[in-house]
Asks: 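Supplied in structure tokens, the structure appears directly below.
Each residue takes its place number in the sequence, starting with 1.
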Amino acid sequence: MSNPWELYPHIWKTKASFFSYVRGGLRRALWEKYPVKLEFKKEQLKPPPIGYEGRAKSGTKCALTGEWTGNSKLEVDHIEGNASLNDWDDILPFVQHLCTVKDNMQLVEKEAHKIKSYADKHGLTFEEAKVIKEAISICKGDEKEWLISKGFIPEGNAKKRRTQVEDYLRGM
């Protein structure tokens, strides 16, 4: 059997790009509309706490940050499991991962979800991933100006400047 990325290299240049396509298709078809996930989210939503001045009519505390977050900024996260989809043999475990039970779900704020995913992927703590992602964001702008504003003399290359930013964010 020939593989799609071999038969249609003008569509999928690599095996990785093909499985990225499959992953996205399965996530859209299964996870986005997964009734158990939708029911879980609906069950967790509460009215805003007293003193809340935002526009959200419902929400809950983010399981990662503990901050109350409005419904539109919440995502359902798998507590356990970071399923990869890089080959044909990964398809069934990936589908089983998507079709998880409520005990393996939590509501998290969107940015916190990105940080947790980054931490899981790179074997970091949530706190360390948060520092690195914030440093990456700062370095996409003018990290030299940012460092000067914090009282630093910027290093000569981008890698060293990013280390300076990370050290500052860690409180070193």
Asks: Report the distance from atom CD1 of Ile148 to atom CD1 of Ile153, rounding to the nearest 0.5 Å.
Replies: 9.0 Å

Asks: Under the ring-ring contact (aromatic ring centres under 6.0 Å, His included) test against Trp12, which residue among Phe19, Trp5, Phe18 passes?
Replies: Phe18

Asks: For Glu67, I'd like to know if atom CD has over 12 heavy atoms of other residues, nucleotides or ligands within 6.0 Å.
Replies: no

Asks: Scan residues 39-64 for pairs that pass ring pair (Phe, Tyr, Trp, His ring centres under 6.0 Å), counting only residues two or more places apart or in two chains.
Replies: Tyr52-Trp68

Asks: Are Tyr21 and Val95 co-members of a hydrophobic cluster defined by side-chain heavy atoms under 4.5 Å apart?
Replies: yes

Asks: Would you check if Ile132 and Arg162 make a side-chain contact, meaning some heavy-atom pair closer than 4.5 Å?
Replies: yes

Asks: For Phe94, check ring-ring contact (aromatic ring centres under 6.0 Å, His included) against everything at least two apart and list the hits.
Replies: none

Asks: Looking at residues at least two apart in the chain, or sitting in another chain, which of them share a ring-ring contact (aromatic ring centres under 6.0 Å, His included) with His122?
Replies: Tyr118

Asks: Got a sec, which residues hit ring-ring contact (aromatic ring centres under 6.0 Å, His included) with Tyr8, two or more places apart in sequence or on another chain?
Replies: none

Asks: Looking at Asn104 and Thr100, would you say the former's side chain and the latter's main chain have a donor-acceptor pair under 3.5 Å?
Replies: no

Asks: Give a yes or no on this: more than 12 heavy atoms of other residues, nucleotides or ligands lie within 6.0 Å of atom NZ of Lys130.
Replies: no

Asks: Hey, is Glu111 close enough to Lys73 for a salt bridge, meaning N to O under 4.0 Å?
Replies: no

Asks: Identify, with sequence neighbours excluded, every residue that meets side-chain hydrogen bond (donor to acceptor under 3.5 Å, both in side chains) alongside Ser117.
Replies: none

Asks: Verify the cluster assignment for Leu85 and Ile11: are they in a single hydrophobic cluster under the rule of side-chain heavy atoms below 4.5 Å apart?
Replies: yes

Asks: With heavy-atom distances below 4.5 Å as the criterion, would you say the side chains of Val36 and Val101 are in contact?
Replies: no

Asks: For residues 4-30, which residue pairs pass the salt bridge (Lys or Arg N to Asp or Glu O under 4.0 Å) check, not counting sequence neighbours?
Replies: Lys15-Asp87

Asks: Look up atom SG in Cys99 and atom NZ in Lys37, then write down how far apart they are to the nearest 0.5 Å.
Replies: 11.5 Å

Asks: State, yes or no, whether a side-chain contact exists between Lys41 and Met105 at a heavy-atom distance under 4.5 Å.
Replies: no

Asks: Decide yes or no on salt bridge (Lys or Arg N to Asp or Glu O under 4.0 Å) for Arg170 and Glu127, but give the supporting numbers first.
Replies: CA-CA 9 Å; Arg170 285 187 197 101; Glu127 292 74 24; over 6 Å; no

Asks: Apart from Val108 itself, what residues make up its hydrophobic cluster, given side-chain heavy atom links below 4.5 Å?
Replies: Leu64, Ile115, Phe126

Asks: Residues two or more places apart in sequence or in another chain: which of them pass side-chain hydrogen bond (donor to acceptor under 3.5 Å, both in side chains) with Glu134?
Replies: none

Asks: Just wondering, do Thr60 and Thr69 contact through their side chains at under 4.5 Å, heavy atoms?
Replies: no

Asks: Going by the salt bridge (Lys or Arg N to Asp or Glu O under 4.0 Å) test, which pairs reach into residues 47-58, not counting sequence neighbours?
Replies: none

Asks: Rounded to the nearest 0.5 Å, what's the gap from CG on Leu45 to CG on Leu107? Could you check?
Replies: 6.5 Å

Asks: Which pair of heavy atoms, one from Ala56 and one from Gly70, lies closest together, and at what distance?
Replies: CB-CA, 3.7 Å

Asks: Test of understanding: with ring-ring contact (aromatic ring centres under 6.0 Å, His included), list the residues that count as partners of His78, not counting sequence neighbours.
Replies: Trp31, His97

Asks: Test: salt bridge (Lys or Arg N to Asp or Glu O under 4.0 Å). Region: residues 138-155. Which pairs qualify, not counting sequence neighbours?
Replies: Glu143-Arg161

Asks: Do Asp77 and Gln106 pair up side chain to side chain, a donor and an acceptor below 3.5 Å, judged on atom types alone?
Replies: yes

Asks: In the hydrophobic clustering (ILVMFWY, side-chain contacts below 4.5 Å, transitive), which residues join Tyr168, or is it alone?
Replies: Val131, Ile138, Trp146, Leu147, Phe152, Val165, Leu169

Asks: Minimum heavy-atom separation for Thr65 to Cys62, with atom names?
Replies: OG1-CB, 3.2 Å

